[in-house]
Amino acid sequence: MPEGPSIVILREEAAPFTGRTIRRAEGNAKIDMDRLAGQRVVAFRSFGKQFLIELPDVTVRIHLLMFGSYRIDERKDAVPRLRLTFDEGELNFYTCSVRLLEGDLDELYDWRTDVMSAAWNPALARKRLRAMPDTLACDALLDQTVFAGVGNIIKNEVLFRIRTHPLSTIGALPARKLGELVEQARQYSFEFLEWKRAFVLRKHWLAHNQSICPRDHVKFHRAYLGRTNRRSFFCELCQRRYVDA
């Protein structure tokens, strides 16, 4: 599943189409394609893992889910969920969720929760975390109402970076450790962005999809953990498990 930084890259790559008029909209998404043809692109925006195409009368929301993909000015050998054709060039989206949103995006989204947004508010993240004391750290980082844009890679890397076991409960984390979790969720997301732009992201993985802990040189544990049941990679030696007595 593409994480927030990857959607920022998509937003940047699509930016040259800003201001252009959609000449044709087609695909197998169950939306009213006729509403899109003839509309001018006001802006491309991103919120967490969602890509937003803002038009004068409606917004197209695209979520790439687990296996979604896109192509700009080229096509895959597959029927797209959505193809937007312009006088010059086209945007193609595959195996994704496509919805139409009505209303002002600034009223629909709380940009303060998006780890990639200039409006990101760490104090709000800490407040929402403190309201979920029984939540596991591995689930909290994937909660899009707290950390919009954080996915499984960022989750694993942040928990390893701050030496915290994924089965720690949020309420048991010391205040300093809670602050580290919030800070690193954003910091690692921007490092992720720079590494992905440079095509070196995988080279920087210390925990995700790795076999050996680079600190203790023992095997990582691999397990599907928490309510989210996403794969975790962690070291039982250097990642402390915080739990209430």
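The structure presented is a predicted model; accordingly, all values stated were derived computationally and were not measured.
- Salt-bridge formation is detected for the pair Arg128/Asp110: a Lys NZ or Arg NE/NH1/NH2 atom is positioned less than 4.0 Å from an Asp or Glu carboxylate oxygen.
- For Lys76, the NZ atom counts as densely surrounded, since its 6.0 Å shell holds more than 12 non-hydrogen atoms of other residues, nucleotides or ligands.
- Taking 4.5 Å as the limit, some side-chain heavy atom of Met132 sits within range of a side-chain heavy atom of Val146.
- Grouping the Ile, Leu, Val, Met, Phe, Trp and Tyr side chains by contacts below 4.5 angstrom, directly or via other members, places Leu52 apart from Val98.
- With sequence neighbours left out, the ring pair (Phe, Tyr, Trp, His ring centres under 6.0 Å) criterion links Phe234 to His165, His221.
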Exercise. For ring-ring contact (aromatic ring centres under 6.0 Å, His included), just list the numbers for Phe47 and Tyr109, CA-CA rounded to whole Å, side-chain angles, deciding distance to a tenth of an Å, and then say yes or no.
Key: CA-CA 8 Å; Phe47 178 82; Tyr109 290 101; 4.6 Å; yes
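- By the neighbour-count criterion of 12 heavy atoms within 6.0 Å, atom CZ of Arg202 is sparsely surrounded, having that number or fewer from other residues, nucleotides or ligands.
- Scanning for ring pair (Phe, Tyr, Trp, His ring centres under 6.0 Å) contacts around Phe44 gives Phe51, with sequence neighbours left out.
- Put simply, the side chain of Leu129 reaches to within 4.5 Å of the side chain of Phe147, judged on heavy atoms.
- Put simply, the side chain of Lys155 reaches to within 4.5 Å of the side chain of Arg230, judged on heavy atoms.
- Scanning all heavy atoms of the two residues, the minimum distance from Gln50 to Arg61 falls at OE1-CD, 2.9 Å.
- Counting only heavy atoms from C-beta outward, the side chains of Gln187 and Gln184 approach each other to under 4.5 Å.
- Under the 4.5 Å side-chain criterion, counting only non-hydrogen atoms from C-beta, Phe93 is not in contact with Pro80.
- Here the shortest heavy-atom pairing between Arg11 and Ser46 reads NH1-OG, 2.9 Å.
- The neighbour count for Glu88 CD, taken as heavy atoms of other residues, nucleotides or ligands under 6.0 Å away, does not exceed 12.
- Among residues two or more places apart in sequence or in another chain, the side-chain contact (heavy atoms from CB on, under 4.5 Å) test is passed with Arg163 by Arg215, Cys238.
- Between Ser211 and Arg222 there is a side-chain heavy-atom pair separated by less than 4.5 Å.
- Side-chain contacts under 4.5 Å among hydrophobic residues (ILVMFWY), followed directly or transitively, place Leu124 with no other residue at all.
- Side chains of Tyr242 and Thr169 form no contact here, defined as non-hydrogen atoms less than 4.5 Å apart.
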For residues 170-180, which side-chain donor-acceptor pairs fall under 3.5 Å, sequence neighbours excluded?
unit_1 : atom_1 : unit_2 : atom_2 : d
Arg176 : NH1    : Glu180 : OE2    : 2.8
Lys177 : NZ     : Ile162 : O      : 2.9
Lys177 : NZ     : Glu180 : OE1    : 3.1

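- Each of Phe190, Trp205, Tyr188 was scored for a ring pair (Phe, Tyr, Trp, His ring centres under 6.0 Å) with Trp195, with one residue passing: Tyr188.
- Just one residue in the list Leu159, Leu167, Asp216, Thr164 forms a side-chain contact (heavy atoms from CB on, under 4.5 Å) with Gln239, and that residue is Leu159.
- Contact annotation: the side chain of Lys49 approaches that of His63 to within less than 4.5 Å [non-hydrogen atoms, C-beta and beyond].
- Looking at Arg75, Arg23, Arg24 one by one, the single match for side chain to side chain donor-acceptor pair (under 3.5 Å) with Glu90 turns out to be Arg75.
- Annotation for Val150 and Ser189: closest pair CG2-OG, 4.3 Å, computed over non-hydrogen atoms.
- Checked against side-chain contact (heavy atoms from CB on, under 4.5 Å), Gln39 has the following partners two or more places apart in sequence or in another chain: Leu55, Pro56, Asp57.
- In terms of heavy atoms, Gly151 sits closest to Glu3 at N-OE1, 2.9 Å.
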